[in-house]
Engineer: 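Just passing along the structure, written as structure tokens.
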Amino acid sequence: MSARKQPLEAVLFDLDGTLIDTASEFVVVVQALRAEHDLPPLEEQRIRASVSNGARALVQLALGIDESAAEFERKRLRLLDLYSEVLGTTAVPYPGIAELLVELGERGIGWGISTNKPRAYTEPLLAALALSPAAGSVVCPDDVKERKPHPESLYLACRQLGCSPARTIYIGDHRRDIEAGRRAGMRTIAALYGYIEADDDPGSWGANASVACSTELQGLII
């Protein structure tokens, strides 16, 4: 990353598992959903590793049912209702993120978010956390036709920030994040501290760099 030839204009983040640690809230939600079905608690790490895969994956994990099941959509909506009750209560920025955002602001480098998390949940979460400086762009699946790994959301974020994809870094904790960044022509950083399943191989994602801890981002980027 230090060998980049063009000046950095912006840094984009995935949300859950990259910018914000939201897993504690999803642990509560999954365990509550299981309790409603008289199922014992799951190992917390199994839930954390699945957070980046979204609500559908969490329902499958919690109840062991397939998306084709007649009751699946009802269970998914129940999980989202439970999440709404705890949204923003225990989620926190990862260590070093607040300091990184301040330094980006001081250097005139824009920052934004590209997430597959619907806006109905993204906006309340960001409001609760009140990050400063605030994101110059927040792109949710509601804003685009194609979700990540398609690069559409990253292109939109760049237009909103007034930056070039070639002078932007995208950071994410999932293969689809790195694929989206690469397809957009951005430099990419794999957040190995995020929600990565045990059988995944981040080394095969093709990121330009990776960090084992969020506190390493500032030294790598600036």
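We count residues from 1, following the sequence as given.
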Engineer: Is the side chain of Q31 donor-acceptor paired with the backbone N or O of L42 at a distance under 3.5 Å, no angle test?
Structural biologist: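 Pair found, side chain donor or acceptor close to backbone of L42.
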Engineer: Side chain of N208, backbone of T188: donor and acceptor closer than 3.5 Å?
Structural biologist: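 Confirmed, N208 side chain pairs with T188 backbone.
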Engineer: So do the side chains of W111 and P133 get within less than 4.5 Å of each other, counting heavy atoms only?
Structural biologist: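 A side-chain contact exists here, since the closest heavy-atom pair is under 4.5 Å.
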Engineer: Can you tell if the side chain of R176 reaches within under 4.5 Å of the side chain of N116, non-hydrogen atoms only?
Structural biologist: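 Yes, their side chains come closer than 4.5 Å.
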Engineer: Using atom types as modelled and distance alone, determine if a side-chain donor or acceptor of R34 lies under 3.5 Å from a backbone N or O of L39.
Structural biologist: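 A pair under 3.5 Å: no.
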Engineer: Can you spot which of R183, K148, R182 makes a salt bridge (Lys or Arg N to Asp or Glu O under 4.0 Å) with D177?
Structural biologist: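 Option passing the salt bridge (Lys or Arg N to Asp or Glu O under 4.0 Å) with D177: K148.
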Engineer: For a 4.5 angstrom cut-off between non-hydrogen side-chain atoms, does L126 reach I113?
Structural biologist: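 A side-chain contact under 4.5 Å exists here.
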Engineer: What pairs of residues pass the ring-ring contact (aromatic ring centres under 6.0 Å, His included) test when at least one of them lies in residues 114-165, not counting sequence neighbours?
Structural biologist: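 Output for this query lists Y83-Y121.
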Engineer: Assess whether salt bridge (charged side-chain N to carboxylate O under 4.0 Å, His left out) is satisfied between R175 and E179, documenting all intermediate values.
Structural biologist: CA-CA 6 Å; R175 178 183 297 273; E179 181 180 342; over 6 Å; no
Engineer: Are any of the side-chain heavy atoms of K117 and L125 separated by less than 4.5 Å?
Structural biologist: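 In contact.
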Engineer: Keeping R187 on the side-chain end and Y170 on the backbone end, is there a donor-acceptor pair under 3.5 Å?
Structural biologist: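 It does not hold such a pair.
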Engineer: Heavy atoms, side chains only, cut-off 4.5 Å: are L131 and L19 in contact?
Structural biologist: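 Touching, per the 4.5 Å side-chain cut-off.
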Engineer: Any link between V11 and I20 through a network of hydrophobic side chains (Ile, Leu, Val, Met, Phe, Trp, Tyr) touching at under 4.5 Å?
Structural biologist: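 Yes, same cluster.
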Engineer: R159 and S137: side-chain donor and acceptor closer than 3.5 Å?
Structural biologist: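 Side-chain D/A pair, R159 to S137: absent.
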Engineer: Please check this pair: side chain of Y195 against backbone of T22, looking for a donor-acceptor N/O pair closer than 3.5 Å.
Structural biologist: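 Yes, because the side chain of Y195 sits within donor-acceptor range (under 3.5 Å) of the backbone of T22.
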Engineer: Evaluate side chain to side chain contact (heavy atoms under 4.5 Å, CB included) for H174 paired with N53, printing each intermediate quantity in order.
Structural biologist: CA-CA 9 Å; H174 197 280; N53 292 320; 3.1 Å; yes
Engineer: Any side-chain heavy atom of H37 sitting closer than 4.5 Å to one from K75?
Structural biologist: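 Yes. Closest side-chain heavy atoms under 4.5 Å.
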Engineer: Just checking R46: does its CZ atom have more than 12 heavy atoms from other residues, nucleotides or ligands closer to it than 6.0 angstrom?
Structural biologist: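 Not more than 12 within 6.0 Å, no.
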Engineer: Output yes when K145 and E152 qualify as a salt bridge under the 4.0 Å nitrogen-oxygen rule, no when they do not.
Structural biologist: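 Answer for the salt bridge query: no.
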Engineer: Any non-hydrogen side-chain atom of L156 less than 4.5 Å from a side-chain atom of S153?
Structural biologist: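 Answer no - side chains too far apart.
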Engineer: Check for a donor-acceptor pair, side chain of S114 on one end and backbone N or O of V139 on the other, with a separation under 3.5 Å.
Structural biologist: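 Side chain of S114 to backbone of V139, a donor-acceptor pair under 3.5 Å: no, none is there.
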